[in-house]
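So you know, we letter chains A, B, ... as the sequences are listed, proteins then strands, and number each from 1.
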Amino acid sequence: MNRTHTCNALRPADAGQTVTLVGWVDTKRDLGGVTFIDLRDREGLTQVVFNPGANQEVAQRLKTESVIQITGKVTARSAETVNPKLGTGAVEVLAATIEVHNVCADLPFPMDDDKADKVNEDLRLEYRFLDLRRPRNIGLLKLRAKAARAIRAELDGQDFLEIETPTLFKSTPEGAREFLVPSRTNPGEFYALTQSPQQYKQMLMVAGVERYYQMARCYRDEDLRADRQPEFTQVDLEMSFIDREDMYKLIEGILKRTWKETLGVDIPTPFPRMSYQEAMDRFGIDKPDTRFAMEIQDLTGLFKNSAFKVFQGAANTPGSVVRAINAKGLADLTQGELTNLETIAKSQGAKGLAFIKVEGGEWKSPITKFFSEEEKAALKATLKIEDGDIIFFAAAPWEQASNVLGRIRLESAALLKAKGRLSLPTDQYNFLWVIEFPLMLWDEEEKRYLSAHHPFTAPVKEDEPLLATDPAKVRGQHYDIVLNGVELGGGSIRIHNPAVQKRVFEDILKIPQDMVESRFGYMLKAFAYGAPPHGGIALGFDRVVAMLAGRSSIRDILAFPKNQNGRDLMADCPSPVTPKQLRDLRIRTVEEEKKA
RNA sequence: GGGGUGGUAGCUCAGUUGGUUAGAGCGCCUGCCUGUCACGUAGGAGGUCGCGGGUUCGAGUCCCGUCCAUCCCGCCA
């Protein structure tokens, strides 16, 4: 090819030059006596002019999205024909020769960005090669590459080694469902695709690498969401000889640089920190969106002697609370919206959703008749109740009440946003560290403790004695990085002492000794050979890029995403394999049992 | 596994209380047009109303089932 310029390169100073451009036909405007073609490549658009006698008939027959190469002279446009919308709008190229590299079939959907954004996503995914061709989507891939570059530059500059770890790993007993890979050379045995390189990176620390990172592909066989794909990318890193403060500083540096180099935005550091307890108390969620308040207020004390038995009962039950939020200005929500909020509350285990609507100076509610004047006055003061507000209550054990109001808070914010009464600027970036998570959570079904994060998280030093007496009270040296209500990543300082690790596996998590041996034996062995203190973190790279791009779906920023059923609609997979393939793997498939 | 929303032309959508031949814009095809830039303009083709069943004289419209998509819950150490 003899391409001399991209389609976003030519300016008036280039007038007179003979140039060769290659690209796709973006639009064709055929005026009969003259034909204009906007030629597009990755970088932009340039208008090409075809006059009679100069291959105009070829241009007139072109279909959009065909690939052509033209050679011609750059000309400055006359003042009244300049197009200020284009970078190259002050010039055009008078085509002398044209070569059609490929014609394009009729398009399945419009390529115009605004129209294409509305087209069914499954059709766009089937034709992902066309969807990606749109400038807006190419831009997202560029953004992603830029973000990756910034992250690598920062980590390289801090002497991290980029190391690839296997994706074919061992199946692990706890955690996300894994994709299994049958081993042909070891019949009847399976690898699992890594959910994360967690154990490998800890082994690298034992191996003396000290600072490791990787743009790690991870796999989880769980149900999909807008921000969850079966394969995704983590900025995975691990460091030796550090504490939590070192990790906060490192990540703040990475994110600061990434935001600066992609968006040109300066984000202030250090980021605020909030304990898990505080996050749940104030926002009812472990990843609070702090761009708006609507904070949860505790009313447990107020209702200790209330005539309203539901609140009074909860207020006097140890571990239970009475709490409320004021959804300011949402009193005019529809019955359907209210019912929907109720459904959400019930999905979190609540029996119902008590509320007070304040309209025309009147408290409209099924429960206010039980309240004394003092209680009403106290409510009004605590929740700053005004006309147009609606108050939602939860009376339940602390965690459940928090969850309920946390969900109601987010849903209320969404309603207020839809009604135009709340605006959450997309260029506001409220980063937040959430810290001091509980190390263990009691699982009622299995009647045992489960790791809140993963079993390698080290307990907070002063809580270590509680491991034996009250595991639920032990806080872990775990940290989550949260942005505008989205969890970007999390990590922890790890256990590096084999005795402590063994105790966590066997005494706390009650994993049978033989299973600990078969699953984690090599880790315990490794730790016995001089494991350094270490810790790390993993950032969901797709989510980071989605936040940079202001997108809610990470499908937008993956080159070839899968749909919600985990299907690649372009390649049409997963798909059946041949009987021979199955035979080689000693696998037999079974028809699903028919329902009676 | 559960809940919400949606499926009508290639695309985006409209389609009233169940009523005669299912429409619009864009795209596509055929003309005209020498300064357009979402070019304009005249004409034309294009439909298994997701699929199956039911109610009815009559179903895009009502009922049942089912499939697909999407958002959410469960799940995601």
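Whole-Å rounding puts the Arg29(A) CZ to U34(B) P distance at 16 Å. Residue Glu337(A) contributes atom CD, which lies 22 Å from atom P of G3(B) at whole-angstrom precision. Between the CD atom of Gln348(A) and the C1' atom of C75(B) there is a distance of 13 Å, rounded to whole Å. Rounded to an integer number of Å, the gap from CG of Leu341(A) to P of G4(B) is 16 Å. One interatomic measurement links the two molecules: CG of Asp38(A) to P of C39(B), which rounds to 8 Å at whole-angstrom precision. Taking atom CG of Asn563(A) as the reference point, atom P of C67(B) lies 16 Å away to the nearest angstrom.
Which of C73(B), A69(B), C76(B) sits closest to the side chain of Asn565(A) comes down to A69(B). Among C39(B), C75(B), U70(B), the nucleotide with an atom closest to any side-chain atom of Asp223(A) is C75(B). For Lys115(A), the side-chain atoms get nearest to A38(B) when compared with the rest of U36(B), C76(B), A38(B).
Taking a centre distance below 5.5 Å and an interplanar angle below 30 degrees as the stacking criterion, Phe109(A) does not stack against the six-membered base ring of C11(B).
Leu450(A) comes within 4.0 angstrom of nothing in the nucleic acid, heavy atoms only. Among the atoms of the strands shown, none is found under 4.0 Å from any heavy atom of Glu80(A).
Put simply, the residue from Arg503(A), Lys502(A), Lys510(A) that forms a salt bridge (Lys or Arg N to Asp or Glu O under 4.0 Å) with Glu506(A) is Lys502(A).
With both ends at atom C1', the span from A38(B) to G58(B) equals 44 Å, rounded to whole Å.
Inter-residue side-chain proximity for Gln501(A) and Met523(A) is flagged as unmet; no heavy-atom pair is nearer than 4.5 Å.
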